[in-house]
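Start at 1 and go down the list; that is how both ligands and their atoms are numbered. All values below come from the heavy atoms of this structure, side chains included, with hydrogens, waters and symmetry mates left out. In this text, all values refer to a predicted model and were calculated from it rather than measured experimentally.
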Amino acid sequence: MKIKATIQNIADNTADLLIIGHFQDQQDNVLVSALGDDLAAQFKQRLNNKDFSGKNGESLTLYTGQGQQVMILGLGNNDKLNQTALYELNHKATAAAAKTRCNKVANYLLNDTFSNIASDQAAKLIVLASSHGEYRYEDTKNYKADNKHSLKSLSVFADEALHDTVKQASAMAEGVTAARHLGNNPPNIANPKYIAKFAEDIAEKYDNVDLDVLNHKQMKKMGMGALLAVGQGSHNKPKMVVLKYSGAKSEQAPIALVGKGITFDTGGISLKPGLNMDEMKYDMCGAASVIGAFVAVAEMQLPINLLTIVPAVENMPDGKAYRPGDVVTSYSGKTIEVLNTDAEGRMILCDALTYAQEFKPEVILDLATLTGACVVALGHQASAVMTKTDGLAQEVIEAGLQVHDRAWELPLWDEYQKQIDTSFADMQNIGGFPAGTITAGCFLSRFTEGQKWAHIDIAGTAWNNKKEGATGRPVAMLTQYLINQAG
Ligand code: BES
Ligand code: MN
Ligand code: ZN
């Protein structure tokens with residue numbers, strides 16, 4: 001759903017649900033008052049009765065004489081309201097609104113000024129959180145008629161000066177939604193072919209988008225031995241999906257985003273345990289996030305050239321599957337000893353990274369649900385950034401802070417490299433227990449020498465519990481990074 005900015009006076013707004021904020025112990029509320037004396041009197045009564053005080057997390061719903069719902073959200077103390085709190089508040093309110101029979105929701109939270117959050121940042125957060133709360137996965141569910149999502153339009157009150165920001169954030173939110181859609185769909189549907197088809201639809205929608213899909217035969221001819229080894233145990237054949245967006249002069253080097261697209265990760269012959277294996281449908285969330293960022297950029301027609309490359313592969317155990325001990329030759333020519341078929345992400349990424357460099361990109365970011373160790377290190381709050389390019393981690397982290405989609409740097413020091421040395425090939429595909437996230441990054445670094453590049457492990461941030469599923473992270477961070485590069 002597109003979220004629109006509005007400058008409409010609240011009293012003139014015909015939305016059937018109005019969301020407004022109220023700080024703790026604030027006496028008057030100008031928005032409530034603007035909605036009429038009746039509502040103001042009701043509100044005063046509720047404050048006096050201590051039904052509502054504006055504490056963070058509280059919510060009070062009143063009705064105007066015209067039957068409009070007014071959802072008043074407690075914002076707590078202005079000094080304590082941080083980005084997370086503002087995001088959570090909006091997310092919860094919009095999710096609640098989406099459960100009602102309302103068609104039209106208008107959010108007036110930006111009528112307030114926040115002590116700790118700049119207004120453009122607040123605008124972005126409100127749009128992203130509203131879209132997040134509105135999203136509902138329905139693709140493989142039969143809803144009873146009365147449970148259908150009835151929300152049709154969402155608008156955010158904002159000063160004229162913030163309208164471009166709202167527009168941008170709305171495009172970002174569309175990208176997030178696309179990523180969540182891809183991530184949440186089951187592995188029997190969202191297979192390599194499905195991802196290619198999804199990209200095809202994007203290419204059809206925008207005049208300045210082109211698509212190239214390499215099939216397994218072409219990749220075999222090219223010598224992408226690492227990627228193909230991972231895919232050889234599956235009936236769903238691998239594909240390399242290449243989306244190109246031209247928003248700047250053709251001489252301008254593109255920025256490349258490469259996303260791990262393991263549509264299901266069983267571990268292969270190094271089979272994963274059964275418990276929670278279903279969650280490995282999310283192992284294509286790196287792909288989902290780079291496609292999501294691509295959608296956002298195309299939607300906002302950013303003046304950059306963007307290349308999004310997705311190796312889409314399924315990792316299955318089979319009579320034809322690759323095995324521990326195999327030595328394969330990557331597209332770069334470097335040989336890899338496979339010591340664990342479950343360390344498959346780096347195997348497909350190394351070939352995709354080598355391929356990406358043929359387009360002479362200014363910089364490459366790769367995104368991957370690469371290691372369980374990343375969840376141990378940073379939990380579900382931050383994505384991990386690793387790079388050998390000066391300043392690049394800072395740029396990525398800063399972009400994340402701008403949209404509350406945070407990342408944290410881990411070192412890629414040379415001293416870690418020896419953990420992936422072996423006597424039987426140029427490298428092995430695992431580095432042992434210590435620093436598992438970093439040694440995966442070291443592996444990839446061997447395929448990006450001389451290239452500005454950063455690796456971002458999103459194993460902890462791309463999805464959470466079964467109920468919410470794919471988060472769409474870090475589409476917002478990536479898109480903000482690209483916006484910053486364009487500016
Ligand atoms: N897709 C997984 C990483 C993963 C696991 C992400 C659990 C989120 C939750 C990846 O392909 C994998 O299996 N990695 C192995 C690497 C190991 C064999 C060196 C891991 O993390 O256990
Ligand atoms: Mn794996
Ligand atoms: Zn994996």
### Any donor-acceptor N/O pair, Thr266 side chain to Asn315 backbone, under 3.5 Å
yes

### Summary
Rounded to the nearest 0.5 Å, the CD atom of Gln394 sits from the OG1 atom of Thr387 at a distance of 11.0 Å

#### Entry: Under-4.0 Å salt bridge between Lys197 and Asp201
yes

### Message
Regarding Arg180 and Glu468, does a basic nitrogen lie under 4.0 Å from an acidic carboxylate oxygen?
### Response
yes

### Shortest protein heavy-atom distance from atom 19 (C) of ligand 1, along with the residue and atom involved
Ile430 CG2, 3.5 Å

### Task
Pull out every atom of ligand 1 sitting under 4.0 Å from any heavy atom of Ala459, numbered as shown with elements.
6 (C), 8 (C)

### Task
Check whether any N or O atom of Thr371, backbone or side chain, sits under 3.5 Å from an N or O atom of ligand 1, and answer yes or no.
no

### Query
Relative to the heavy atoms of Lys272, which atoms of ligand 1 are at a distance of less than 4.0 Å?
12 (C), 13 (O)

### Message
I need the protein N, O or S atoms closer than 2.8 Å to the Mn ion (ligand 2), given as residue plus atom name.
### Response
Asp265 OD2, Asp342 O, Asp342 OD1, Glu344 OE1

### Nearest-neighbour protein heavy atom for atom 18 (C) of ligand 1, which is reported as residue plus atom name and distance
Asn340 ND2, 3.5 Å

### Task
Give a yes or no on whether a salt bridge exists between Arg446 and Asp421, defined as a side-chain N under 4.0 angstrom from a carboxylate O.
yes

### Message
Is it the case that the ring center of His181 lies less than 6.0 angstrom away from the ring center of Tyr135?
### Response
no

### Query
Going by heavy atoms, is Trp463 under 4.0 Å from ligand 1?
yes

### Query
Just distances here: any N/O of Gly372 and N/O of ligand 1 closer than 3.5 Å?
yes

### Task
Tell me which N, O or S atom of Glu344 sits nearest to the Zn ion (ligand 3).
OE2

### Message
What I want to find out is whether Glu299 reaches Lys2 closely enough, with some N-O distance under 4.0 Å, to be called a salt bridge.
### Response
yes

### Query
Has the side chain of Thr341 got a donor or acceptor atom that lies under 3.5 Å from a matching backbone atom of Pro324?
no

### Query
Looking at ligand 1, does any of its N/O atoms fall within less than 3.5 Å of an N/O of Glu344?
yes

### Message
Nearest N/O/S atom of Asp283 with respect to the Zn ion (ligand 3), by atom name, please.
### Response
OD2

#### Entry: Protein contact of atom 1 (N) of ligand 1 - nearest heavy atom, named by residue and atom, plus distance
Asp283 OD1, 2.8 Å

### Task
Indicate yes or no: at least one non-hydrogen side-chain atom of Asp351 is less than 4.5 angstrom from one of Phe447.
no

### Query
Are any of the N/O atoms in Thr369 less than 3.5 Å from those in ligand 1?
yes

### Task
Confirm or rule out an N/O/S atom of Gly345, from backbone or side chain, lying less than 2.8 Å from the Zn ion (ligand 3).
no

### Message
Is the shortest side-chain heavy-atom distance between Val313 and Pro192 below 4.5 Å?
### Response
no

### Task
Indicate yes or no for a side-chain donor-acceptor contact from Ser246 to the backbone of Asn305 under 3.5 Å, with no hydrogens or angles considered.
no

### Message
Quick check: do Val156 and Lys4 have side-chain heavy atoms less than 4.5 Å from each other?
### Response
no

### Query
Under 4.5 Å between any side-chain heavy atoms of Glu337 and Asn429, yes or no?
no

#### Entry: Protein heavy atom at shortest distance from atom 16 (C) of ligand 1
Arg346 NH2, 3.9 Å

### Task
Can you pull out the closest protein heavy atom to atom 15 (C) of ligand 1? Residue, atom name and distance to 0.1 Å, please.
Asp342 O, 4.0 Å

### Query
Hey, is the main chain of Ile458 close enough, under 3.5 Å, to the side chain of Ser383 for a donor-acceptor pair?
no

### Query
Hey, looking at atom 7 (C) of ligand 1, which of Met280, Met277, Glu279 has the closest heavy atom?
Met280

### Identity of the N, O or S atom of Asp265 lying closest to the Zn ion (ligand 3)
OD2

### Query
Identify the closest protein heavy atom to atom 10 (C) of ligand 1: which residue and atom is it, and at what distance?
Leu370 O, 3.3 Å

#### Entry: Minimum side-chain heavy-atom gap Tyr331-Tyr355 below 4.5 Å
yes

### Task
Could you list which atoms of ligand 1 come closer than 4.0 Å to a heavy atom of Lys260?
1 (N), 10 (C), 11 (O)

### Query
Among all protein non-hydrogen atoms, which one is nearest to atom 2 (C) of ligand 1, and what is the separation to 0.1 Å?
Asp265 OD2, 3.6 Å

